[in-house]
Amino acid sequence: MTDASTILDGLNPAQQQAVMAAPGPVLVLAGPGSGKTRVLTSRVAYLIGVHGVDPHHILAVTFTNKAAREMRDRLDALLGPGEAAALTVGTFHSICARFLRRDIVHLGRERDFAIYDTDDQLRVMKRVLRDLNLDEKKHAPRAIHAAISRAKNELIDPAAYSRHARTYFEEVVARCFARYQELLRDANALDFDDLLVETVRLFEQHPTVLERYQERYAFLLADEYQDTNRAQYVLLKHLASRHHNIFVVGDEDQSIYAFRGADIRNILSFERDYPQAQVILLEQNYRSTQAILDVAQAVINRSAQRRREKRLWTRNGKGAKVQVIEGYDQDEEAQLVAGEIARLIASGAYQPGDIAVMYRTNAQSRAIEEALIARQTPYIIVGGTRFYERKEIKDALAYLRLALNPFDDVSLSRVLNWPPRGIGQRTQEDLERRAGAASVPLYVALQMLAADAEAADQAAPPAPARAEEMSLRARNALLGFLALIDEAIDQRRTLPLGVLMDWLFERVGFREALRREYGDEEGDDRWNNVMELRNVAENYATLPRENQLPTFLEEVALISDIDTLQEGRNAVTCITLHQAKGLEFPVVFLVGLEEGLLPHSRSTDDRDALDEERRLFYVGATRAKERLYLLHAFRRAAYGRAEVATPSRFLHDIPPDLLQHAPKRGYAAAQQASMFTNRAAALRNPGRDHAPPAAIRRSEPDGPREVSFFAGQKVRHAHFGEGIVVSSKLVEGDEEVTVAFVGKGVKRLLASFANLQRAEE
DNA sequence: GTACGTTCATTTTTT
DNA sequence: ATGAACGTAC
């Protein structure tokens, strides 16, 4: 038993009140930087250490796996290592996956289900469209899938959806929905949404199972309650309906996941759901300076929706003014960020790890990344192409998934002909047709083929009399693949995970295939990724052998990029606003504050969506502890084309005296560029006073040692006429100059051949 | 059956 | 700008 004072130490009265609240429903409305995560953890520690609750009876839902891990670490510090080991903590999805792995048999399904990620889901969706003879061009798979996902998050099943379908689109979705679920079921797979939906179904159809969970998890806690969707809400409600010991923490102003079904009403109606609920407000902010809070609140206070007003305050003092900086285009914007970062680091006041750059869309990370590379500033990009979405990783996982669940059609068709083994599109379609005709998974179709083949061999003269003839070659290729899968299934039963992987990759010829496909260099890079996956497997070596593979696959499917973000790398963090939730940094740069980007163009004509963009800004701004920079660009490239950008309306919502505007360095370049008719040149030319490309530092043994052309120079070419240098770099002992010619477009030329004349300065 | 080149559409955010 | 989907050539 732990002393209460250790747990309550350093908490303010409101926080203590929350931590010590009597068991029963508790709603903690907590502003950003109010220590809500700390309160949540302390509450768990308090239940265990002071109330003497067995950790085995506590279920804590966090928003990310990373938060779950951090909670565990902090509990170890508060209670002593291992004291809280029996605690259940994780995201909704991972917790549901656990529940289902134990109890999905009650729903008449097999235990070793696959979990389909976005990519897998889309593949199923395309198969659905093919099955239903719908044209992919006319019915965007993504749109239909999004509609299905939305329905699932609201616990609407195909039948109910079909009943309420009104428009043609909804009719189509209804038919796709039904088929989609059929295919998932046949493949013994669940998609992300199913994890929640099926758990709810489990509870609703099997009261005795629900009771068991209610007894087991007598104490419930949930973080980021404002971001729960209908399914998650119902799930918690079921679990809590016996003991009512539910402690939720959230902030309606930080609700930014409506697009995946989060329903702000869940938090607004908590008091109606649990009339005895205690409500605690945490309004003191410990994170940010007043200057930062003022800016954040100025934007959120303009929301169209009515909100429960919180009065955020801080003792942190006024702090530095929030700076607004305009760049000419996204590249200059990025350069200004990188330059300011370099200045902050050089001043000695900050380290790279203290700094974050945040943006609305992942695509924006690229310019930032390039600018940071040019400055040789260490950085990490959170998100983008995730490790587990790389092709070679997904292929490796597909084999492993098949070893556990051969009915997994998505995985099977993924590696059916990878590495190439002579099974082309035609043969694959043939196999799919057979599977479809018998309504069985592809694996079973393969088995049927094998049985046929055996029968045919026994009928002495090999007369291909059957109607469904398939070339012997194709058949043998398919049977070879079947043998491979069956071997894998066999090996899986006896080998520990790591050894299984070694065996599998060897048997498949994984490394050779990668080298053949991508060349030695990239092939080895990709193979190293696979080896990294192999290393991850070591973390599961201590589990009972039969649990290693399923647990590994489950966690790998549900991991998010933020989960692997490690502190201590001391690098600038580049991250989307969504992923930044829950994090904090001394210095934050918010880039792309333009109409169409923040707020995003997809949200500008809907009031609720626009409010959510506001909250997104709010979340981003309140990540900053000491310094906040708001950047926007004069021109922004979208779809390769650049358009003039309007500064975000959010900037206008901030009283001018709260902001400090930096001089507009980009305009000179803009004016210069606008003199030329060639649009591309105008858009890409950052102006002559900028540093030449970094490549100039790279010296080559022969040829020029540095570039002799610079962006912005006027040049003349015998054939193309007048132009403007866009960029120049050294390539293999020569200088490659990119020039935008008036009326002739952008050309890449080698200086040694092109005979470019420098025009008059 | 595969490899390559062309066209085209495409981008919000995530478990 | 990048990638997927299609068509043509081996």
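Quick note on labels: first sequence line is chain A, next is B, and so on, each numbered from 1. Computation of the quantities below employed the complete heavy-atom set of this structure, encompassing side-chain atoms and omitting hydrogens, waters and symmetry-equivalent molecules.
- Among A:E643, A:E594, A:E332, the one residue that satisfies the salt bridge (Lys or Arg N to Asp or Glu O under 4.0 Å) test with A:R636 is A:E594.
- Figure legend: cation-pi geometry between A:R421 and A:F481 absent, as NZ or CZ is not positioned both under 6.0 Å from the six-membered ring centre and within 45° of its axis.
- A close approach under 4.0 Å does occur between a side-chain nitrogen or oxygen of A:T427 and OP1 or OP2 of B:dG1.
- Between A:L221 and A:D223 the shortest side-chain heavy-atom distance does not fall below 4.5 Å.
- Nearest nucleotide to the A:P420 side chain, out of B:dT2, B:dT14, B:dT11: B:dT2.
- Among the atoms of the strands shown, none is found under 4.0 Å from any heavy atom of A:R421.
- Considering only side-chain N and O atoms, A:Q425 lies nowhere under 4.0 angstrom from the phosphate OP1 or OP2 of B:dG1.
- Distance CD (A:E224) to C1' (B:dT15): 14 Å, rounded to an integer number of Å.
- When heavy atoms are screened at a 4.0 angstrom cut-off, A:N417 is found touching the sugar-phosphate backbone but no base atom.
- Look at NE2 on A:H145: it is 15 Å from P on B:dT15, rounded to the nearest Å.
- Taking atom CD on A:Q579 and atom P on B:dT14, their separation rounds to 5 Å, with Å as the unit.
- In this structure, A:Y257 does not count as stacked on the base of B:dT14 under the 5.5 Å centre distance and 30° plane angle limits.
- As rounded to whole Å, 16 Å separates atom P of B:dT14 from atom CD1 of A:I559.
- The two residues A:H238 and A:F203 make their nearest non-hydrogen contact at CB-CD1, 4.2 Å.
- Heavy-atom minimum distance, A:H93 versus A:Q232: CE1-NE2, 4.2 Å.
- A straight line from CG of A:D430 to P of B:dG1 spans 10 Å, rounded to a whole angstrom.
- With rounding to whole Å, A:Q364 atom CD is found 16 Å from B:dT11 atom P.
- Atom CD1 of A:I115 and atom P of B:dT15 are 14 Å apart (whole Å).
- At B:dT15, none of the side-chain N or O atoms of A:T64 fall inside 4.0 Å of OP1 or OP2 (strictly under the cut-off).
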